[in-house]
Amino acid sequence: MPELVVPTTRLHRSWLEAHAEWNPGSRQSGAGIGLAGEEALAIPEVFASWVGRLCEQADTTKALSGGRVHATHWWIVEDGAYVGAIDLRHRLNDFLLRAAGHIGYSIRPSARRRGLATWALGAVLPEARALGMDRVLVTCDEDNIASARAIERNGGVLEDVRDTEIGLKRRYWIAL
């Protein structure tokens, strides 16, 4: 049975194995890779620092720089192994409204087609409600049929398909 866990250094090796499955330069939505910059996450101390930044991003008492919004990150773990990530952005800035939404997620390639994205998205929706949201925006690449189905299975209603700075995106709203 999968579970959502707060990012932890205990999963370093498993995270590295999952990360190696992605094509270089691939976008891993919801993983918070942007907070790592160009750091070498294979180094345990660097990985620990990045995990700390992921956890700190949820702390609304701390100011964030670079146009970032507060977000809560979880890792999707199954049988003790990292299989993906999901994050909940606490509010939308202009970029998130146009292109990325409140919730981003990604599943490692070897764990796809098992319903993990659908499950994780459903598990995070009550967290959004607890933050006072009455609806969330979730987007996916226009050609990502599996992700579109995960969103639709969780009540997503397609608003539109837009050309954005990160590609052609299907934009869905989910009422909470």
Side-chain angles (χ1 to χ4, degrees), residues 2-7 22 25-37 50 53-77 82-109 111-176:
E3 61 181 323
L4 296 180
V5 301
V6 173
W22 293 82
S26 293
R27 184 172 162 79
Q28 294 179 46
S29 297
I33 299 290
L35 292 175
W50 174 63
R53 286 193 300 280
L54 290 176
C55 295
E56 287 173 1
Q57 196 175 13
D59 185 349
T60 58
T61 66
K62 294 185 178 184
L64 300 176
S65 62
R68 296 198 178 276
V69 301
H70 289 97
T72 304
H73 297 269
W74 294 275
W75 287 351
I76 306 162
V77 175
Y82 174 96
V83 294
I86 188 164
D87 71 352
L88 170 62
R89 297 139 193 157
H90 298 186
R91 68 174 182 82
L92 297 176
N93 60 21
D94 289 339
F95 167 74
L96 295 173
L97 180 61
R98 279 190 315 276
H102 285 101
I103 298 173
Y105 55 86
S106 57
I107 305 298
R108 72 188 285 178
R112 293 180 182 162
R113 306 234 180 264
R114 298 191 348 234
L116 290 167
T118 301
W119 173 84
L121 179 55
V124 168
L125 294 177
E127 301 292 337
R129 196 175 305 111
L131 286 175
M133 298 178 195
D134 59 359
R135 67 183 190 151
V136 292
L137 177 64
V138 186
T139 71
C140 67
D141 290 344
E142 195 275 332
D143 62 352
N144 189 338
I145 302 305
S147 189
R149 285 188 184 139
I151 297 166
E152 291 166 357
R153 286 184 180 126
N154 277 287
V157 176
L158 182 66
E159 178 178 72
D160 60 18
V161 177
R162 291 186 187 179
D163 192 14
T164 73
E165 56 265 56
I166 57 172
L168 198 57
K169 294 293 181 179
R170 298 173 66 90
R171 297 174 66 257
Y172 292 88
W173 288 97
I174 299 175
L176 302 177

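The shortest side-chain heavy-atom distance between Leu4 and Ile76 falls under the 4.5 Å cut-off. Proximity of Cys140 to Tyr172: side-chain heavy atoms (C-beta onward) are separated by under 4.5 Å at one or more points. At least one side-chain heavy atom of Ile103 sits under 4.5 Å from a side-chain heavy atom of Leu125.
Taking CH2 of Trp173 as the start and CD of Glu159 as the end, the distance is 6.5 Å to the nearest 0.5 Å. Here CH2 of Trp75 is found 6.5 Å from CG of Leu54. Values are rounded to the nearest 0.5 Å. With rounding to the nearest 0.5 Å, the separation of CD1 in Ile151 from CG in Leu158 is 9.5 Å. Going from atom CD1 of Ile145 over to atom CG of Asp143 covers 7.0 Å, rounded to the nearest 0.5 Å.
The salt bridge (charged side-chain N to carboxylate O under 4.0 Å, His left out) search around Arg108 returns Glu21, not counting sequence neighbours. By the side chain to side chain donor-acceptor pair (under 3.5 Å) test, Ser147 pairs with Tyr105, sequence neighbours left out. For the side chain to side chain donor-acceptor pair (under 3.5 Å) test, no residue two or more places apart in sequence or in another chain qualifies with His102.
Under the 3.5 Å distance criterion, the side-chain polar atoms of Arg153 are left unmatched by any main-chain donor or acceptor of Gly115. Side-chain atoms of Arg171 never come within 3.5 Å of backbone atoms of Leu137 as a donor-acceptor pair (strictly under, hydrogens ignored). The backbone N or O of Ile174 sits nowhere less than 3.5 Å from a side-chain atom of Asn154 that would complete a donor-acceptor pair.
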Name every donor-acceptor pair, under 3.5 Å, that has one atom in a side chain of residues 161-169 and the other anywhere in the protein, sequence neighbours excluded.
from   : atom 1 : to     : atom 2 : distance (Å)
Arg162 : NE     : Asp160 : OD2    : 2.8
Arg162 : NH2    : Asp160 : OD2    : 3.2
Thr164 : OG1    : Ile166 : N      : 3.1
Thr164 : OG1    : Gly167 : N      : 3.4
Thr164 : OG1    : Gly167 : O      : 2.7
Glu165 : OE1    : Arg98  : NE     : 3.4
Glu165 : OE2    : Arg98  : NH2    : 2.6
Lys169 : NZ     : Asp141 : OD1    : 2.4

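By the 6.0 Å contact criterion, CZ on Arg149 is open, its count of non-hydrogen atoms from other residues, nucleotides or ligands being 12 or less.
When all heavy atoms of Leu96 and Val69 are compared, the pair lying nearest together is CD1-CG2, 3.6 Å. The minimum heavy-atom distance between Pro2 and Trp119, with the atom names listed, is O-CZ2, 3.5 Å. Residues Val6 and Cys55 come closest through the heavy atom pair CG1-SG, 3.6 Å. Contact detail for Pro126 and Gly122: the closest heavy-atom pair is CD-O, 3.2 Å. Across every non-hydrogen atom of Trp22 and Ser106, the tightest pair is CH2-CB, 3.7 Å. Leu121 approaches Ala150 most closely through the heavy-atom pair CD2-O, 3.9 Å.
The list of salt bridge (charged side-chain N to carboxylate O under 4.0 Å, His left out) pairs with a residue in residues 118-134, not counting sequence neighbours, is empty. A side-chain hydrogen bond (donor to acceptor under 3.5 Å, both in side chains) check over residues 64-73, counting only residues at least two apart or in different chains, returns the pairs Gln57-His73, Thr72-His90.
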